2 protein chains.
Amino acid sequence: MSVNPDDDGSDRAAPEISGAEHAVMEALWQRSPLTAQEVCEEVCGPRGWSLATVKTLLSRLVVKQAVETEPDGKRFLYSPLMERSDYVGTESRRLVDRLFGGRAAPLFAHLAQSEALTEDDIVEIEALLKELKS
Amino acid sequence: MSVNPDDDGSDRAAPEISGAEHAVMEALWQRSPLTAQEVCEEVCGPRGWSLATVKTLLSRLVVKQAVETEPDGKRFLYSPLMERSDYVGTESRRLVDRLFGGRAAPLFAHLAQSEALTEDDIVEIEALLKELKS
DNA sequence: CTCCACCGTCTACACACGTAATCGACTACG
DNA sequence: CGTAGTCGATTACGTGTGTAGACGGTGGAG
């Protein structure tokens, strides 16, 4: 890893992924590598995009070093470079920081109050809590 | 309430508040009504903004109907029109939907794994859980 | 060998955002 | 009564984003 001498060592703080780009990332996180065509098959329908749009988003993501390309004959295969868990992590943290002063409990309280918690959620969380305490 | 005949009745799905605008909203949620000057005193320092910037943000928020103005002599007093809890709610929901398929448990699991949960958080959440089950 | 289909790249363009200077009105001080 | 300061409104401008068409190369069908 880190074979690339261009890498300036600054641990480039997770490139910012925009909303539309995120949809593309999700497709790649689900299955990869994919061609632009295949990504489009995943996301163009739901979002009403054209293939051209997906191509643009993919290039932007390549520039941001969020996905990498691998030549396959005359076309490219795209794979995520960023881990989904990293993305999810920074996004969650950002929200908790901005809205709940960095504390997770108020977020939880809010979800509870707004009835965003299902029975299953509660059971699952209880299990997690038990595990945390061990 | 709802004195305004311009109101078309469509329950305008919570105006989108941008990052910079959010900082202004926080100031107003903390204390209101405030003059532009006062808002600036709250946020200009930390964010390195000029008064002009705050004024722009306030106008935009007024247009978005996220804050309202009340004349006070020659200037305006600004107050939030949107409830903070509503904002927090939609933002949280948006995140949970986008990143965790709408389920709160995975979010919680993620926070737990990434050590974003303090001892206090855990205790608090346990208490909340107990309350939920009653 | 030619030509078409398809690929990635380049270019485009409107709108949102962050950030701020400038302007016209008004008030308060001198 | 004029002038300086202050206020909101208007205008500005670079960048990011959503969305997509146009362009140039090339491999495969005929």
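All heavy atoms count here, side chains included; hydrogens, waters and symmetry mates do not. All of these numbers come straight from a predicted model, not from anything done at the bench. Chain letters run A, B, ... following the sequence lines, proteins first, then strands; residues in each count from 1.
Here Gly19(A) lies in heavy-atom contact (under 4.0 Å) with sugar-phosphate atoms only.
Residue Leu58(B) contributes atom CG, which lies 15 Å from atom C1' of dC17(C) at whole-angstrom precision. When the C1' atom of dT19(D) is taken as reference, atom CD of Glu21(A) falls 13 Å away, rounded to whole Å. Look at CZ on Arg75(B): it is 13 Å from P on dT27(C), rounded to the nearest Å. Rounded to whole angstrom, the span from the NZ atom of Lys55(B) across to the C1' atom of dC17(C) amounts to 20 Å. For the pair Leu51(A) CG and dA5(C) P, the interatomic distance rounds to 16 Å; values are reported in whole Å. In this structure, Arg60(A) places its CZ atom 10 Å from P of dT19(D), rounding to the nearest Å. The NZ atom of Lys74(A) sits 10 Å away from the C1' atom of dG8(C) (whole-angstrom rounding). Computed from coordinates, the Leu61(A) CG to dT19(D) C1' distance equals 15 Å when rounded to whole Å.
Closest-nucleotide positions on DNA chain D for Thr56(A) and Phe76(B) were compared, and the one nearer the 5' end corresponds to Phe76(B).
Other residues, nucleotides and ligands contribute only 12 or fewer heavy atoms inside 6.0 Å of the CD atom of Glu131(A). In the displayed structure, Arg75(B) atom CZ is contacted under 6.0 Å by at most 12 heavy atoms of other residues, nucleotides or ligands.
Using a 4.0 Å cut-off, some side-chain N or O of Thr53(A) falls inside it from OP1 or OP2 of dA20(D). At the phosphate of dC7(C), OP1 or OP2 sits under 4.0 Å from a side-chain N or O atom of Gln37(A). For the pair Ser18(B) and dG18(C), the criterion of a side-chain N or O lying under 4.0 Å from OP1 or OP2 is met.
With hydrogens and angles disregarded, no donor-acceptor distance shorter than 3.5 Å links the side chain of Gln113(B) to the backbone of His110(B).
Atom CD in Glu119(A) sits 5.0 Å away from atom CD1 in Ile122(A) (nearest 0.5 Å).
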